[in-house]
Structures are given as structure tokens and as C-alpha cells.
Amino acid sequence: MMLRRPIVLGLLILGPRLMAGADGTVAPAPVAVLRGTPAAPDSFEARIVSSIPRYSPEQPVAGVIRIWGHGHAHLPWMRPLIMLWEESFRKFHPGVSIRYEMHGTSSGIPALFTGIGDIAILGEEILPEAAAAFRRAKHYPPLGIEICTGSVDVRNFDYAQMFFVHRDNPLAQLSLAQLDAVFGAEHRRGPGNIRTWGELGLTGEWADRPITPYGWAIDDSFGFFLQTALLEGSHRWNNELREFVHIYRPDGSIYDHGQQILDNLAKDRFGIAVSNIRYAGPDVKPLALALKPAGPAYAASKQTLIERTYPLTRTIPAVVDRPPGLPVEPKVREFLRFILSREGQEAINQDGRYLPLGPDFAAAQRRKLD
């Protein structure tokens with residue numbers, strides 16, 4: 001199913017399920033702990049984390065840290081990882097406890113500027129609208145600290161955005177400037193439209209064939225990411241872009257937009273698509289991407305994402321309210337320093353869904369807290 005401009009009918013924010021106790025009090029119902037496959041001890045992600053400095057407290061802290069953001073009443077996406085962080089952090093600061101308010105990414109930033117949350121852990125990059133709402137309320141921007149690398153192919157864990165062509169297509173790689181020329185219409189990365197395969201260097205039967213682009217809906221959060229990371233902020237897309245949104249079936253299952261995209265590409269020899277490898281079948285192939293036209297080009301992998309050599313690497317931010325000229329609140333600062341330490345990144349490997357940060361990038365994030 002292709003939809004040119006999806007209509008958002010509403011937003012439902014779900015809180016935790018509640019259970020009434022014998023004394024009439026109400027408490028959250030237990031939620032199943034869902035984790036991925038822990039990183040193997042000899043894996044790249046385990047080796048890279050071993051080079052990150054261990055956590056060393058700068059001051060003792062105590063109290064409740066209220067965390068809002070990426071989660072769901074019945075699908076506790078971030079909660080298992082936060083539980084690992086809390087368990088390890090309390091070994092250093094036993095007087096700290098975590099209050100989980102993970103009702104969805106859209107709840108995170110409002111919790112900060114209304115004062116009911118201390119940290120917003122989002123499921124994607126900070127959207128411009130959320131940052132603008134914070135600035136309107138507080139008159140300064142929020143502080144974002146990147147704490148995880150997006151996954152290669154784990155659904156709901158910021159999987160890598162990858163570009164695909166039909167298996168018959170001879171292309172093996174493209175630069176971001178070329179992709180901008182194909183998917184965009186303003187081209188802040190370089191001159192002119194690319195609308196035929198011959199303009200990408202293909203010959204013979206391919207030369208005059210128009211390129212059909214397939215992708216996410218442009219007002220989806222995935223589309224917003226590409227608008228920033230690929231189109232360099234331009235909102236002008238190729239008018240021929242075929243956009244897809246999730247289809248919710250009567251039995252409750254979801255036909256993912258990423259799957260729809262690659263299913264359609266598999267039937268179109270002259271198409272190009274953005275999706276993820278989790279949805280790929282034998283009739284499509286992923287392209288390596290280059291930041292600059294001269295290369296080098298990289299395929300999406302755990303190593304290229306952690307090392308940030310893949311040009312469209314995604315990260316997960318923890319966002320806090322820090323007024324200009326003032327320090328981050330001590331218990332929040334210590335908790336974020338812990339997440340950016342070896343112990344905090346080892347917990348990411350133990351959880352097995354997100355990827356850790358590289359040591360240099362983690363160090364750069366720690367400096368934001370000073």
C-alpha cells in the first residue's frame with residue numbers, strides 16, 4: 001500500500017498497567033523483561049567497550065531519578081536496559097532509585113519542560129518540533145547526551161537506515177550527494193536532480209530508465225531523520241517518492257512499512273529504496289554508502305555503526321534540562337556519567353539490542369556534562 005500523505009488521527013499515550021492491592025492501593029502490574037542476545041565476549045562491541053574508562057564517582061548522590069521516554073505499557077522497550085543500569089549504579093550510590101515513566105518518546109521532552117521528569121531517554125533523535133516546544137517553554141535549548149548507538153536491524157531500537165536496489169542492478173555503492181540528488185529536489189549537497197539510472201553511470205538498458213524511489217512517509221520520524229541527515233534540512237522531496245506507512249491488520253499483526261517498501265522494490269528492477277536489512281529478501285541488495293563522492297563507502301554493520309563510519313549512523317539521546325550557566329543536577333549528572341562509562345556500556349551489550357558507543361564518542365558526550 002502506498003500513501004502520499006498519511007493523516008495522523010490522534011496520539012494515545014499509555015501509562016503502566018495498574019493492579020489494585022488488598023489494601024486498596026494501586027501499583028503497576030509486573031511487566032515482562034524482554035532482552036536481546038547479549039554480545040559475545042569476543043565480539044567487536046565487547047572489545048570496544050573494554051577500552052572505555054570505568055566509572056569513578058565524583059560525588060555521592062541519593063534520591064529518585066525520574067526517567068521518561070521510549071517505552072510502552074505492554075512493550076517495555078527501554079525498561080530492561082534501565083533496570084540493568086540501575087542495578088549497577090546502585091552499587092556506587094545505594095541511595096538512588098529510578099522511577100520509570102516510559103510512556104513513549106513523545107512524552108519525554110514535555111516531561112522535562114513541565115518539571116515532572118529528570119531525564120528523557122528517546123527512541124530516536126530529538127525531533128525539531130520537540131526541541132522547539134522545549135525552547136518555547138524554557139527559553140533555551142535542551143541538552144542532549146548521546147548514550148547508545150542504534151542497532152543494525154532490531155525493530156524499535158533505531159535500526160540502521162539502509163538503501164537498496166533490485167538484485168539485477170549493477171550498482172554496489174552510492175554517495176550521500178547522489179542519494180540526495182535521487183530522493184530530494186533542492187540538493188543542498190550538490191547540483192541538480194538525478195532521475196535516470198544513466199545519470200548514476202549505468203549504461204545499456206538502464207541508461208534511460210527513470211529511477212523510482214521508495215521510502216518512509218516523509219512526515220514519519222524516519223522521514224524526519226533522512227530530511228536532516230541526508231537532505232541536510234531540506235523539506236523538498238522527489239515528487240515521485242512512493243511513501244509507505246504501517247498497515248494494521250484485523251488480526252492485530254502489522255505489515256511494517258519497511259517490509260512493504262522492499263516487497264515493492266523486489267518487483268521493480270528500476271527502483272531504489274530506503275529500508276532495513278531485516279526486511280530484505282533475495283530479490284533486493286543493500287548498497288554501501290559514502291559520506292563523500294570520492295569515498296570510501298561502508299556497509300551498515302555493528303562495527304561501522306559503533307565506529308560511526310557508516311554515514312547514516314543513528315544514536316539514542318538522553319535529554320536533560322540544564323539552564324545556561326548552571327551545572328547538571330548532581331544525581332542526574334552522575335547517572336549519565338555512569339551510562340557513558342565502561343560499566344554503563346557493558347550493560348548495553350548485556351541487554352543486546354542497542355549497540356554501545358565508541359570510546360572517543362563516549363568521551364565527547366561526557367565532556368558535555370562538565
Side-chain angles (χ1 to χ4, degrees), residues 11-18 28-39 45 65-89 98-112 116-127 130 144-161 216 220-222 224-225 245-246 248 252-254 256-259 276-279 302 305-306 313-320 335-336 339 344-357:
L11 173 65
L12 178 63
I13 297 177
L14 299 175
R17 293 172 292 166
L18 300 179
V31 180
V33 175
L34 305 173
R35 294 198 173 107
T37 302
E45 55 268 40
I65 300 175
R66 302 164 299 171
I67 301 180
W68 286 69
H70 185 42
H72 187 284
H74 307 298
L75 298 169
W77 294 319
M78 284 297 296
R79 185 165 182 169
L81 177 55
I82 294 174
M83 290 171 64
L84 290 174
W85 281 331
E86 180 183 22
E87 179 183 8
S88 186
F89 186 64
I98 302 295
R99 182 177 299 164
Y100 307 90
E101 299 288 354
M102 312 302 282
H103 305 307
T105 290
S106 62
S107 70
I109 301 296
L112 295 182
I116 60 175
D118 299 306
I119 302 174
I121 297 181
L122 309 183
E124 60 204 5
E125 296 77 10
I126 304 173
L127 293 178
I145 307 292
E146 310 298 337
I147 58 174
C148 305
T149 302
S151 71
V152 175
D153 60 359
V154 183
R155 191 179 188 273
N156 297 318
F157 286 80
D158 227 15
Y159 56 55
Q161 297 211 17
W216 329 107
D220 183 277
S221 62
F222 285 25
F224 284 130
F225 171 77
V245 297
H246 294 325
Y248 294 85
S253 63
I254 300 174
D256 275 14
H257 54 179
Q259 188 67 67
N276 180 264
I277 195 69
R278 65 177 286 114
Y279 303 114
K302 290 182 177 180
L305 293 175
I306 293 170
T313 296
R314 306 193 68 182
T315 51
I316 294 297
V319 188
V320 298
F335 187 61
L336 292 175
I339 291 175
Q345 297 294 298
E346 284 175 343
I348 295 171
N349 283 344
Q350 182 180 347
D351 179 73
R353 293 175 296 177
Y354 287 120
L355 297 171
L357 304 176

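Nothing here was measured: the structure is a model prediction, and the numbers come from that model.
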Nearest non-hydrogen partners of [X] and [Y], listed with the distance:
{"X": "Ala347", "Y": "Leu81", "answer": "O-CD1, 3.7 Å"}
{"X": "Glu45", "Y": "Ile306", "answer": "CB-CD1, 3.7 Å"}
{"X": "Val152", "Y": "Leu305", "answer": "CG2-CD1, 3.7 Å"}
{"X": "Asp153", "Y": "Arg278", "answer": "O-NH1, 2.8 Å"}
{"X": "Asn156", "Y": "Tyr354", "answer": "O-OH, 4.1 Å"}
{"X": "Gly69", "Y": "Ser107", "answer": "N-OG, 3.9 Å"}

| Are side-chain heavy atoms of Gln345 and Ile348 found at a separation under 4.5 Å? | yes
| Phe335 vs Asp118 side-chain heavy atoms within contact, under 4.5 Å | no
Atom pair [atom1] ([X]) and [atom2] ([Y]), whose distance is rounded to the nearest 0.5 Å:
{"X": "Ile316", "Y": "Ser151", "atom1": "CD1", "atom2": "OG", "value": "8.5 Å"}
{"X": "Leu84", "Y": "Arg79", "atom1": "CG", "atom2": "CZ", "value": "12.5 Å"}
{"X": "Leu355", "Y": "Thr315", "atom1": "CG", "atom2": "OG1", "value": "11.5 Å"}
{"X": "Ile67", "Y": "Ile82", "atom1": "CD1", "atom2": "CD1", "value": "4.5 Å"}
{"X": "Met78", "Y": "Arg353", "atom1": "CE", "atom2": "CZ", "value": "8.0 Å"}

| message | Classify the ring geometry of Trp216 against His257: parallel below 30°, tilted from 30° to 60°, perpendicular beyond 60°. | response | tilted
| message | Set out, in order, the CA-CA distance, both residues' side-chain angles and the distance that settles side chain to side chain contact (heavy atoms under 4.5 Å, CB included) for Trp85 and Ile147, then state yes or no. | response | CA-CA 12 Å; Trp85 281 331; Ile147 58 174; 3.9 Å; yes
